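Written out below as structure tokens is the structure these notes cover.
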Amino acid sequence: MKNVASVIVDVPAMQTDRTYDYLVPDEWLGSISPGMRVAVPFGPRKIQGFVMELKEKGEVSKLKPIHEPMDLVPVLNEELLSLGNWLTEKTLSFKISAFQAMLPAAMKAKYEKYFQLETTAEHVDLPESLIPFFKKGSEVPWKVIEQAGLLPVIQPLVNKGIIDVIYKVKAKGNKKTVRHLKLNVSGTRLQEVIEGLPPQANKQKEVLQYMNSLGDPGKAFLTNELIEGAETTSSTIKALVKKGILIEKSVEVYRDPFENRVFEKTTPLTLTDQQREAILPILETIEDTLHRTFLLYGVTGSGKTEIYLQSIQRVLEKGKEAIVLVPEISLTPQMVHRFKGRFGNDVAVLHSGLSVGEKYDEWRKIQRKEVKVVVGARSAIFAPFENLGIIIIDEEHETSYKQEENPRYHARDVAVKRAETHRCPVILGSATPSLESFARASKGVYHLLTLNKRMNDGDLPAVSIVDMREELRSGNRSMFSQELFDKLQTRIEKGEQTVLFLNRRGHSSFIMCRDCGFVVQCPNCDISLTYHRFSNGMKCHYCGYEEHVPNTCPECESEHIRYFGTGTQKVEEELNKLLPGARIIRMDVDTTSRKGSHEKLLNAFGEGKADILLGTQMIAKGLDFPNITLVGVLSADTMLHLPDFRAAEKTFQLLTQVSGRAGRHKLPGEVVIQTYTPEHYSIELASEHDYDRFYSQEMMMRKMGNYPPFYYITLITLSHEDLMQVVSIAERLSGFIRSRLSQSTIILGPSASPIPRIKNRYRYQCLIKYKREPNLASTLKTVLDQFQQQYASQGLSISIDVNPYVMM
DNA sequence: AGCACGCCGACT
DNA sequence: GTCGGCGTGCTC
């Protein structure tokens, strides 16, 4: 009899990253299976865990029983369980973190401690101060006692066993339910029942008649529905329930984030010759149930989405399911519309704009096989489909597909892994593919599909580069070049729309003294504080530290202290000054933080309610309005100077992306790029829409620098409160790694991280570059084992990022 | 991660 | 002599 369950417990630590065995109590036998969440005792606590397998015998003799199951059906199927193990190995994360990453946040357990009065001790005299708390029941949350400052009072009682500490595992409030009411008597007996009611119960009789009059007697009513329909009150209904004539039942309902929204049904468009050529190999792969990865390289406006849609169509016809990944912010309403328009209610949407509860509901639809297509951000790659027919990753080059916390996975890798198991195609789509993917396509690892014509046969917009140094020399100190300003003005006169793009990354406003150059820094982190207008304060991006803007320079007491950098607000102000009549919509974190505001602003712009759309990264993609004829990039080079070997690639991608917003329809588009480094190849080639040349140029740079795609990289970051400690540990660590890895592997460092201190912890890092390193995984595991165990107690922490995208 | 168990300083 | 500091080690 398999009545022992091995369980991964919810304790993300090196020492607990393994299974623990528990007894399955008889009452749950048969109803607990692998992939379910269970509440288990762990030491004195009670915590959540995932059942990995059922077996006959435990590893140890004394097994504790499972406290209770937390699911009726497994939340992780066999595929996802093994995917979790794979993920753990690839990313060197804890198993529990991998499993949790695959589920909606609502499924992460919450823990609460309670004080409980021993039942046998009920008549014991409690200290007076405690009596009010235990008056209502024998359980009181730990927090309540703590806040009342009574922990010292209660402690001795706990020691004496008069009061126990109990631990509860709480599922976060997730299921939303409504009450359904049904008749409990058959239609034929109903008249009898009505007649049997007391004569004064007129209202009750009416309700029953009403329910009877509406067709089949088994029909369920919502409470509200019934109250309205039968013109009655809840007390009447309660009475009927009490008499057992009506039965009441809680039924799970979904919160529908797209409630009351009609999606116009669309039908497949006729493909262009080029599109037909591109889709053919995909359809063949679907037909033959093969795994293949395609790189769909198509210029903006070339109709990639239609290829996705028609490929999915074929997959659905074969009775299979599809996952579509889109970048976090660009999970634009427009994208959702296109999918919902084509596939209607077969689509679930999973993205960060949804509440925890809404995400849970969408996930449940997938689990219950109520949908066939999921459109979502990174984590949607774990959608619990069992019969996957295709995985699509749109804007494949986007870095948001890499998770920057444990498990540090890349959705692209997971996609390929899942597609292998399901024997289905993966489509990576982009107008500016990542170097990694394009290199793979060139080597034939991926199959390259090219769309180099725009669907409307329109030309790509003309791009002009403005050298801002020249502007400065000729006396223009504003943030708009003459050219951009002129063009902006013409658009407004003609009633056409402009998108102004401000790249704020690495350019956030900081406070600087103009006399001595002093920059206000965070006391805990080695980074300058960011100016926030609404609070007139300065905030640290990394630790949240906040202080007021000083009136005088703390260093030289000069009063010439002001903020630098260009925020969207500042641009807006200047625009208002220069073009008083222009209507501007500003999109940044401040204006889009409220739910749905992102969409609202975009809609307003689409409806022509503004002349200028001003924003940061978030407006770079998805935006597709016919009246946009001008795109301005205020400073193209801000991210070029970040300590990141992908800086040029990111700049090129962003500029290309932004330029693609102009002239997508009938009107021709123009793009103005302002920069201080016009000669940089990423800017120059972006202006010429020349991906191929950019690719070969950048490949050369990567080759010279021994960076991906020529080398794989892994970044190890150590942090510690004590500078001397990190340095010496980092030295030992790099020595150890060097001794274990092959000769051809390059190990850089240890050196201070680009941000050498965060939250008062000093940070050192080692960068490993390798082509083939079979020992890497085992070496890194050993590193974690030895160093973490050795140093965790002394406050050291180690983070390992395989294929990092953020080097800070 | 928590939590208990266990061994050394400043207090009734 | 005890209360309590947090180092060490375990949790099926």
Side-chain angles (χ1 to χ4, degrees), chain A residues 1-26 28-29 32-34 36-70 88 92-101 105 107-116 141-143 145-146 149 151-161 163-170 172 405-407 719-722 725 759 761 784-799:
Chain A
M1 192 177 39
K2 293 196 173 184
N3 64 345
V4 172
S6 59
V7 173
I8 294 285
V9 293
D10 182 13
V11 182
M14 198 89 232
Q15 296 166 57
T16 49
D17 190 33
R18 58 186 195 83
T19 57
Y20 288 83
D21 291 341
Y22 290 89
L23 214 60
V24 181
D26 290 347
W28 308 118
L29 259 182
I32 285 182
S33 51
M36 276 185 189
R37 295 172 302 158
V38 287
V40 291
F42 196 64
R45 299 180 287 161
K46 203 179 294 159
I47 58 176
Q48 189 183 73
F50 289 90
V51 178
M52 293 295 107
E53 58 166 343
L54 293 176
K55 48 190 186 181
E56 312 244 329
K57 224 175 155 298
E59 306 276 306
V60 290
S61 51
K62 38 151 199 143
L63 293 185
K64 288 186 186 175
I66 286 175
H67 178 248
E68 62 175 352
M70 300 179 68
T88 302
L92 295 144
S93 66
F94 304 128
K95 288 207 168 64
I96 188 69
S97 317
F99 291 130
Q100 261 156 8
M107 289 195 173
K108 204 175 164 188
K110 268 188 170 170
Y111 302 106
E112 271 169 39
K113 283 200 284 190
Y114 288 83
F115 289 110
Q116 184 183 42
W142 175 289
K143 264 202 206 143
I145 300 287
E146 189 181 26
L151 283 183
V153 181
I154 211 162
Q155 194 61 52
L157 299 169
V158 174
N159 293 345
K160 277 188 229 155
I163 286 174
D164 289 339
V165 179
I166 57 170
Y167 299 82
K168 288 193 179 182
V169 183
K170 288 218 162 173
K172 284 186 187 161
E405 62 214 50
N406 277 326
S719 78
H720 197 283
E721 283 182 2
D722 184 56
Q725 288 260 20
K759 293 184 192 170
R761 298 177 64 86
L784 282 178
D785 274 345
Q786 294 197 346
F787 285 77
Q788 186 139 331
Q789 215 159 30
Q790 197 169 344
Y791 295 107
S793 58
Q794 293 159 38
L796 175 86
S797 68
I798 305 179
S799 117

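Only a predicted model underlies this, so the values are computations on that prediction, with no experimental measurement involved. Labels below follow one simple rule: chain letters A, B, ... track the order of the sequence lines, proteins then strands, and each chain is numbered from 1. Note that these values count all heavy atoms, side chains included, but never hydrogens, waters or copies made by symmetry.
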What residues, two or more places apart in sequence or in another chain, satisfy side-chain hydrogen bond (donor to acceptor under 3.5 Å, both in side chains) together with A/Thr16? none
Just the rounded figure in Å: distance from P of C/dC10 to OH of A/Tyr20. 11 Å
Grab the CG-C1' distance between A/Leu23 and C/dC12 for me, whole Å please. 10 Å
Separation of A/Lys168 atom NZ from B/dG2 atom C1', in whole Å? 20 Å
If you take any heavy atom closer than 4.0 Å to DNA chain C, which residues from residues 43-50 of chain A end up in contact? A/Gly43
side-chain hydrogen bond (donor to acceptor under 3.5 Å, both in side chains) against A/Tyr114, all qualifying residues, sequence neighbours excluded: A/Glu112, A/Lys170
Across the strands shown, which category fits A/Phe42 at heavy-atom distances under 4.0 angstrom: base, sugar-phosphate, nothing? base
A/Glu68: salt bridge (Lys or Arg N to Asp or Glu O under 4.0 Å) partners, not counting sequence neighbours: none
Under 4.0 Å between a side-chain N or O of A/Tyr167 and OP1 or OP2 of B/dC3? yes
Between C/dT11 atom C1' and A/His67 atom NE2, what is the distance in whole Å? 17 Å
Among all residues two or more places apart in sequence or in another chain, which pass the salt bridge (Lys or Arg N to Asp or Glu O under 4.0 Å) test with A/Lys55? A/Asp21, A/Glu59
Base, sugar-phosphate, or nothing for A/Ser6, non-hydrogen atoms under 4.0 angstrom? nothing
Between B/dG2 (P) and A/Ile96 (CD1): distance, integer Å: 13 Å
Please state how far atom CG in A/Leu796 lies from atom C1' in C/dG7, giving the value in whole angstrom units. 17 Å
Between A/Phe99 and A/Met52, the two heavy atoms sitting closest are CE1-CE, 3.4 Å
Closest to the side chain of A/Lys64, out of C/dC12, B/dC3, B/dA1, is C/dC12
Within a reach of under 6.0 Å around CD of A/Glu53, are more than 12 heavy atoms found that belong to other residues, nucleotides or ligands? yes
Whole-Å distance separating the NZ atom of A/Lys108 from the C1' atom of B/dA1: 11 Å
Tell me, please, which residues at least two apart from A/Tyr20 pass ring-ring contact (aromatic ring centres under 6.0 Å, His included). A/Phe42
With a 4.0 Å cutoff (strictly under), does any side-chain N or O of A/Tyr22 reach OP1 or OP2 of C/dC12? yes
For atom CH2 of A/Trp142 and atom P of B/dG2, their distance in whole Å: 12 Å
